[in-house]
Amino acid sequence: MTHTPDILKPHKMAVSGKPLTGPHLVLIPSAGMGHLTPFSRLAASLSDLCHVTMVSILPTVSSAESSHLSDFFSSYPDVHSFKFELPPFDSSAYPNADPFFLRFEGINQSAPDLMTRLLTKSSKPVSALIIDITLSTSMVPLAKSFGIPCYILFTASAAMLSFCAYFPTYYDSNSGPIGDIQINGLRMVPVATIPQALHNPKLIFTPLFIQNGKNLSKADGILVNTCESLEKDTLVALRDAHVQPGFPPVVAVGPLLPVNIPAISGASEVSPWLDMQPEKSVVYVSFGSRAAMPKEQIRELGLGLEASGCQFLWVVKTTVVDSHDNTELEELLGEGFLERVKDRGLVVKGWVEQEELLQHKAVGSFVSHCGWNSVTEAALHGVRMLAWPRLGDQRINAGISSNIYTNYTLVNNKNC
Ligand SMILES: O=c1ccn([C@@H]2O[C@H](COP(=O)(O)OP(=O)(O)O[C@H]3O[C@H](CO)[C@@H](O)[C@H](O)[C@H]3O)[C@@H](O)[C@H]2O)c(=O)[nH]1
């Protein structure tokens with residue numbers, strides 16, 4: 001049975017529809033559009049029910065996050081903004097680490113300072129926190145020490161949640177290299193599906209992932225951006241504490257619906273081009289907000305799209321952080337490519353409004369890395385997916401998306 005935490009139950013409304021009484025919820029996203037997007041969506045929908053504050057941790061890692069935050073707060077004035085300037089973080093111990101993972105660690109280290117400021121400077125006493133999973137290492141115990149209920153918004157699938165919850169138990173009892181993992185009460189996760197970073201305990205990501213997983217059980221509840229019809233068995237197993245004894249209530253709050261904000265300035269030629277294409281003819285190819293592809297692979301993919309004979313819209317991304325991406329398309333794709341495909345393919349770099357274009361009548365399918373937001377957005381608009389999982393949770397998600405659409409999954413051992 002679904003258990004709704006008291007804090008999320010409806011409160012008395014004013015005639016305007018805005019909450020008269022009720023709790024003050026503070027949402028704390030971490031870094032990356034894959035995490036910020038579902039937090040904004042939840043903040044927007046909760047702001048009709050109670051007083052909502054969303055924390056912006058500045059400076060953002062990517063420019064997409066920075067644009068999104070300013071557009072979001074101007075479009076949703078009922079969501080209060082609380083800015084927190086993150087002190088510089090010494091990353092010399094982690095050479096070549098992913099900038100988003102460094103950010104997760106940086107926020108966790110500054111969490112006591114963030115909490116103190118929130119408690120002393122908020123316009124209204126804080127009733128509860130809703131935090132990102134990547135911050136649970138620090139924020140769950142801190143919230144407990146202040147007697148503030150702390151919920152986690154899990155931005156990935158319930159299947160990934162079950163993996164996060166079970167992995168610390170496996171890790172602590174396993175002495176050799178990581179192998180296939182049988183999650184209690186659920187599926188077996190083959191070794192090739194396990195996030196690649198977890199095979200290396202020295203990476204900044206690994207100890208944080210394990211500690212975050214341990215702290216899941218200590219949270220007051222977990223909200224997941226999924227729905228019963230998509231992942232019922234997993235939700236039931238989590239709620240019945242088969243995966244982890246003493247697991248807190250799990251509420252499926254997804255798929256979280258898009259927010260209505262002006263487009264982030266990006267590839268403006270996309271809409272006019274799509275308008276000219278026949279219905280359901282276009283294959284949309286995109287790998288999310290942070291999965292970079294090596295140049296050789298970009299060229300191979302280009303040749304494959306050319307040989308396929310399909311109409312395509314391809315968003316090319318070469319760097320993890322958007323503002324570092326300075327290479328010209330012509331140089332990336334090889335001489336003559338753009339000219340050869342110009343009658344049926346559009347290749348862009350930079351931000352596209354994915355939510356909008358998945359609804360466009362010309363888009364017929366989606367070659368995706370299976371970031372969870374992309375999976376839920378495609379499901380919402382009934383767009384079929386061809387999965388090419390790249391990293392992290394994406395292979396686990398690809399398994400779920402193949403249940404929805406009975407599609408195909410491309411496998412690439414180097415990148416997963
Ligand atoms: O040009 C772009 C690129 C992305 N998006 C949007 O940005 C979000 C991207 O999220 P997602 O599809 O989940 O991909 P990632 O950015 O890769 O997300 C990270 O966060 C997800 C949620 O935790 C994980 O599932 C992913 O593996 C992880 O890489 C989605 O809402 C997209 O619609 C755009 O609108 N335009």
Side-chain angles (χ1 to χ4, degrees), residues 29-42 61-65 67-68 71-72 98-101 103-104 132-135 152-161 163-164 193 195-197 205 209 212 223-226 254-259 261-268 270 284-293 313-317 320-322 325 347-360 363 366-381 383 385 387-401 415-416:
S30 62
M33 286 300 282
H35 295 254
L36 182 56
T37 302
F39 266 83
S40 306
R41 292 174 178 176
L42 183 66
V61 178
S62 65
S63 47
E65 292 162 87
S67 309
H68 176 87
D71 290 345
F72 175 76
D98 181 308
F100 291 94
F101 296 164
R103 176 52 63 95
F104 299 160
D132 190 83
I133 173 68
T134 56
L135 311 182
I152 292 170
L153 169 61
F154 197 79
T155 56
S157 58
M160 187 59 189
L161 172 61
F163 181 80
C164 288
T193 300
Q196 186 64 24
F205 178 80
F209 185 89
N212 287 332
L223 317 179
V224 197
N225 185 15
T226 192
L256 290 163
L257 297 178
V259 287
I261 57 176
I264 294 178
S265 56
S268 56
V270 170
Y284 166 52
V285 184
S286 171
F287 304 103
S289 69
R290 44 158 305 180
M293 205 178 244
L313 166 60
W314 178 19
V315 186
V316 173
K317 192 163 166 44
V320 175
V321 177
D322 51 8
D325 197 344
V347 188
V348 293
K349 271 176 68 195
W351 193 257
V352 297
E353 286 306 318
Q354 176 166 302
E355 239 294 320
E356 265 172 40
L357 65 88
L358 283 172
Q359 300 175 57
H360 197 288
V363 173
F366 182 12
V367 178
S368 168
H369 70 316
C370 289
W372 188 241
N373 297 291
S374 291
V375 173
T376 54
E377 289 161 12
L380 203 58
H381 301 300
V383 179
M385 297 175 79
W388 188 354
R390 316 279 312 163
L391 44 85
D393 58 333
Q394 294 157 12
R395 280 199 176 188
I396 291 179
N397 300 342
I400 304 165
S401 56
N415 288 287
C416 292

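Everything quoted here is computed from the prediction, not taken from an experiment. We count ligands from 1, going down the list as the structure has it; atoms in each ligand are counted the same way.
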Novice: Mark up the atoms of ligand 1 that fall under 4.0 Å of a heavy atom belonging to N397, in ascending order.
Specialist: 25 (O)

Novice: Could you give me the CA-CA distance, side-chain angles and deciding distance for D98 and R103, then say whether salt bridge (charged side-chain N to carboxylate O under 4.0 Å, His left out) is met?
Specialist: CA-CA 9 Å; D98 181 308; R103 176 52 63 95; over 6 Å; no

Novice: Evaluating non-hydrogen atoms only, which member of H369, R395, M33 is closest to atom 17 (O) of ligand 1?
Specialist: H369

Novice: Of all the atoms in ligand 1, which lie at a distance below 4.0 Å from a heavy atom belonging to G34?
Specialist: 10 (O), 16 (O), 18 (O), 19 (C), 20 (O), 22 (C)

Novice: With T226, which residues qualify under side chain to side chain donor-acceptor pair (under 3.5 Å), at least two apart?
Specialist: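 Here the qualifying residues are E231.
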
Novice: Working note: I152 + D132, criterion side-chain contact (heavy atoms from CB on, under 4.5 Å); need CA distance, chi angles, decisive distance, verdict.
Specialist: CA-CA 6 Å; I152 292 170; D132 190 83; over 6 Å; no

Novice: What's the shortest distance from atom 10 (O) of ligand 1 to any protein heavy atom, and which residue and atom give it?
Specialist: N373 ND2, 3.2 Å

Novice: Assert yes or no for the condition that the ring centre distance of F104 to H35 is strictly below 6.0 Å.
Specialist: yes

Novice: Check whether any side-chain heavy atom of N373 lies under 4.5 Å from a side-chain heavy atom of P38, and answer yes or no.
Specialist: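 Of all side-chain heavy-atom pairs linking P38 with N373, at least one is under 4.5 Å.
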
Novice: Does the distance from a Lys or Arg side-chain N to an Asp or Glu carboxylate O, for R41 and E377, drop under 4.0 Å?
Specialist: yes

Novice: Can you report which non-hydrogen protein atom sits closest to atom 33 (O) of ligand 1, along with the distance?
Specialist: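 Checking every protein heavy atom, the shortest distance to atom 33 (O) of ligand 1 gives E377 OE1, 2.7 Å.
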
Novice: Please could you name the atoms of ligand 1 that D393 approaches to less than 4.0 Å, counting only its heavy atoms?
Specialist: 24 (C), 25 (O), 26 (C), 27 (O)

Novice: What residue and atom, counting heavy atoms only, is the protein's closest point to atom 23 (O) of ligand 1, and at what distance?
Specialist: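 In this structure, atom 23 (O) of ligand 1 has T155 OG1, 2.8 Å as its nearest protein heavy atom.
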
Novice: Checking a contact table here: which protein heavy atom is nearest atom 1 (O) of ligand 1, and how many Å away?
Specialist: V352 N, 3.1 Å

Novice: Just checking, is any N or O donor in the side chain of N225 or T155 under 3.5 Å from an acceptor N or O on the other one?
Specialist: no

Novice: Among all protein heavy atoms, pick the one closest to atom 5 (N) of ligand 1 and tell me residue, atom and distance.
Specialist: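 That would be W351 CH2, 3.2 Å.
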
Novice: Could you see which bit of T37 sits under 4.0 Å from ligand 1, with heavy atoms only: side chain, backbone, both or neither?
Specialist: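 Only the side chain of T37 comes within reach of ligand 1.
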
Novice: Would you kindly specify which portion of Q394 sits under 4.0 Å from ligand 1, judged on non-hydrogen atoms: side chain, backbone, both or neither?
Specialist: side chain

Novice: To check you understand the geometry: which heavy-atom pair defines the closest contact between G371 and N397, and what is its length?
Specialist: C-ND2, 4.1 Å

Novice: Side-chain contact, heavy-atom cut-off 4.5 Å: H369 with W388?
Specialist: no

Novice: Any idea which protein heavy atom is nearest atom 12 (O) of ligand 1, and the distance to it?
Specialist: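 Atom 12 (O) of ligand 1 sits closest to the protein heavy atom S374 OG, 2.5 Å.
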
Novice: Do any nitrogen or oxygen atoms of S286 lie less than 3.5 angstrom from nitrogen or oxygen atoms of ligand 1?
Specialist: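 Looking only at distances, the answer is no, because the N/O contact criterion of under 3.5 Å is not met.
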
Novice: Which protein non-hydrogen atom lies closest to atom 16 (O) of ligand 1, naming both residue and atom, and how far is it?
Specialist: S289 OG, 2.5 Å

